[in-house]
Q: 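First, the structure itself, so that you have it in front of you.
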Amino acid sequence: MAIPSAQSIPHADDDENVDGPPSPSSIYSFDSTFSALNSHSNNINSNPNNNSTVKDSQTSPSPPIPSSLLCISFNQDFQFFSIGTDLGFRIYGCHPYHESFRRDFTGSGGIGIATMLFRFNILALVGGGTQPMFPLNKVMIWEDDKSLCTKELTFRSNVRAVRLRRDRIIVILEQKIFIYNFNDMKLLDQIETFPNPKGLCEVSHVSGSLVLAFPGLQKGQIRVENYTIKKTKFISAHDSSIECLSLTQDGQLLATASSKGTLVRIFNTSDGTLLQEVRRGADRAEIYSLAFSPTAQWLAVSSNKGTVHVFNLKVNQVSSSGNDRSLGSDSCNPPVPATSSPFSFIRGVLPKYFTSEWSVAQFRFREGLKHIVAFGDQKDVQRDTIVILGMDGSFYRCRFDPVVGGEMTQLEHHNFLTL
């Protein structure tokens with residue numbers, strides 16, 4: 001059944017050089033999609049012999065090894081992760097570590113964005129690399145049980161990121177965000193943002209809550225859209241540009257870092273209150289990822305300094321039942337207090353650096369290489385563990401001591417590019 005065109009939302013500043021509302025379309029077979037994409041790739045690369053085919057690595061006797069890793073991301077519950085390479089995409093499980101499946105496309109098969117929908121065989125794909133499988137301005141919804149793309153969204157500029165919920169598709173361009181209903185691809189909203197080349201945008205995933213957080217229209221500003229209660233909140237999070245952000249699963253807490261990369265701030269998304277501020281370090285750094293633990297008891301931060309820091313969160317949050325609950329409490333593992341400077345007893349006299357809250361646990365690896373981080377499911381043997389994924393193909397599982405803190409213990413290390 002054909003998907004109806006997205007409804008246009010008039011905008012006073014829209015012109016041919018500004019991203020307008022895209023028009024989705026249906027694709028009924030991989031062959032027809034592939035034929036069109038081959039034509040597109042040939043035009044880009046001027047290579048008439050560039051004939052691509054799809055291969056299922058589970059049946060291929062000798063799957064090719066990609067020469068470059070283009071993207072990497074966790075799914076919504078952090079139990080799986082997806083990667084895009086110059087050959088296609090792959091899906092891996094974290095607990096236990098294993099390859100779930102892969103799709104390799106010979107020829108022009110570069111995937112620059114591969115976003116999973118929870119644990120379903122549904123992904124949002126965008127082309128990437130020197131020989132992209134799909135145009136960089138299109139979002140393709142891939143249903144792996146059918147081995148085909150079933151839906152397509154086309155834009156006037158390149159797609160920077162995609163976020164998926166069971167009921168929504170959120171597409172992030174450099175200065176606009178588009179929100180679609182998943183079932184019928186109806187355009188529900190479009191929002192202008194501050195220049196956002198990294199495609200920063202996070203969304204809640206708890207049923208009954210729809211909260212989006214993304215850069216506002218000013219440097220250092222975060223806009224929070226709570227569609228559940230139809231409320232918009234602007235938060236002046238930093239003086240510098242926003243570098244990274246993260247939401248809790250219910251969308252009640254927001255963590256932000258700026259381009260300085262020294263401080264991380266945690267806000268209440270309902271009223272914009274600053275709840276806690278922690279210090280990653282004293283030197284400028286590029287923050288690669290922020291991750292709340294499932295219970296919002298801990299926050300993990302990775303940066304180009306070759307470290308992952310875990311901070312103890314002490315903020316309070318109101319549960320869905322209306323009762324206050326401490327996010328730092330755990331009857332099994334009383335959390336270690338956040339490390340602070342020995343000069344904290346004269347807080348307010350010395351500069352903020354000397355009275356900052358520091359991480360309770362750390363893990364170190366090679367500097368300059370991008371890593372992203374997520375917590376384990378915090379159950380049984382996965383309690384107090386984190387998973388770290390590197391753009392060199394590294395998979396680390398580490399455990400931190402919630403009472404003593406200090407250096408983490410490495411439990412596993414794999415290279416998922418050579419599996």
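The model shown is predicted, which means the values in this text are computed figures rather than measured ones.
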Q: Within a strict 4.5 Å, meaning less than it, do heavy atoms of the Leu153 and Val171 side chains meet?
A: yes
Q: Looking at Gly109, is its backbone amide N or carbonyl O close enough to the side chain of Gln131 to form a donor-acceptor pair, meaning the two atoms are under 3.5 Å apart?
A: no
Q: What's the verdict on side-chain hydrogen bond (donor to acceptor under 3.5 Å, both in side chains) for Ser241 and Glu243, showing C-alpha distance, side-chain angles and the deciding distance?
A: CA-CA 6 Å; Ser241 299; Glu243 183 76 15; over 6 Å; no
Q: Got a list of side-chain donor-acceptor pairs under 3.5 Å for residues 122-129, not counting sequence neighbours?
A:
none

Q: How far apart are the C-alpha atoms of Asp189 and Tyr227, what are their side-chain angles, what is the distance that settles it, and do they pass the side-chain hydrogen bond (donor to acceptor under 3.5 Å, both in side chains) test?
A: CA-CA 11 Å; Asp189 200 1; Tyr227 287 94; 2.7 Å; yes
Q: I need the Ile141 CD1 to Leu164 CG distance, nearest 0.5 Å.
A: 6.0 Å
Q: So that I can tick it off, tell me whether Arg119 and Asp77 are bridged by a salt bridge, with the cut-off set at under 4.0 angstrom between side-chain N and carboxylate O.
A: yes
Q: Look at the side chain of Ser246 and the backbone N and O of Ala255, then say whether any donor-acceptor pair between them is shorter than 3.5 Å.
A: no
Q: Going by an N to O cut-off under 4.0 Å, is there a salt bridge joining Lys233 and Glu225?
A: no
Q: Using modelled atom types only, decide if a donor and an acceptor are shared between the side chain of Ser204 and the backbone of Val206 within a distance under 3.5 Å.
A: no
Q: Would you mind checking if Arg165 and Asp167 are paired as a salt bridge, meaning a charged N to carboxylate O distance below 4.0 Å?
A: yes
Q: Between Lys198 and Glu174, is the closest basic N to carboxylate O distance under 4.0 Å?
A: no
Q: Tell me, do Val203 and Arg168 make a side-chain contact under 4.5 Å, heavy atoms counted?
A: no
Q: Applying the ring pair (Phe, Tyr, Trp, His ring centres under 6.0 Å) criterion to Phe416, which one of Phe81, Tyr97, Phe395 satisfies it?
A: Phe81
Q: Short question: side chain of Gln276, backbone of Lys314 - any donor-acceptor pair under 3.5 Å?
A: yes
Q: For Ser289 and Ser302, does a side-chain donor sit closer than 3.5 Å to a side-chain acceptor?
A: yes
Q: Can you tell me how far the CG atom of Asn158 sits from the CG atom of Leu136, to the nearest 0.5 Å?
A: 4.5 Å
Q: Measure from the side-chain N and O atoms of Arg223 to the backbone N and O of Ala213, and report whether any donor-acceptor pair falls under 3.5 Å.
A: no
Q: Determine whether more than 12 heavy atoms belonging to other residues, nucleotides or ligands lie under 6.0 Å from atom CG of Asp271.
A: yes
Q: Measure the spacing between SG of Cys244 and CD of Glu286 and express it to the nearest 0.5 Å.
A: 9.5 Å
Q: Does NZ in Lys260 sit with more than 12 non-hydrogen atoms of other residues, nucleotides or ligands closer than 6.0 Å?
A: no
Q: Salt bridge check: are Glu357 and Arg279 linked by an N-O gap of less than 4.0 Å?
A: no
Q: Taking Asn196 for the side chain and Leu200 for the main chain, is one N or O donor matched with an acceptor at less than 3.5 Å?
A: yes
Q: Under 3.5 Å, side chain of Ser303 to main-chain N/O of Lys305, donor-acceptor pair present?
A: yes
Q: Would a 4.5 Å heavy-atom cut-off, applied to side chains only, mark Leu411 and Arg397 as touching?
A: yes
Q: If I take atom CD1 from residue Ile386 and atom CD1 from residue Ile388, how far apart are they, to the nearest 0.5 angstrom?
A: 4.0 Å
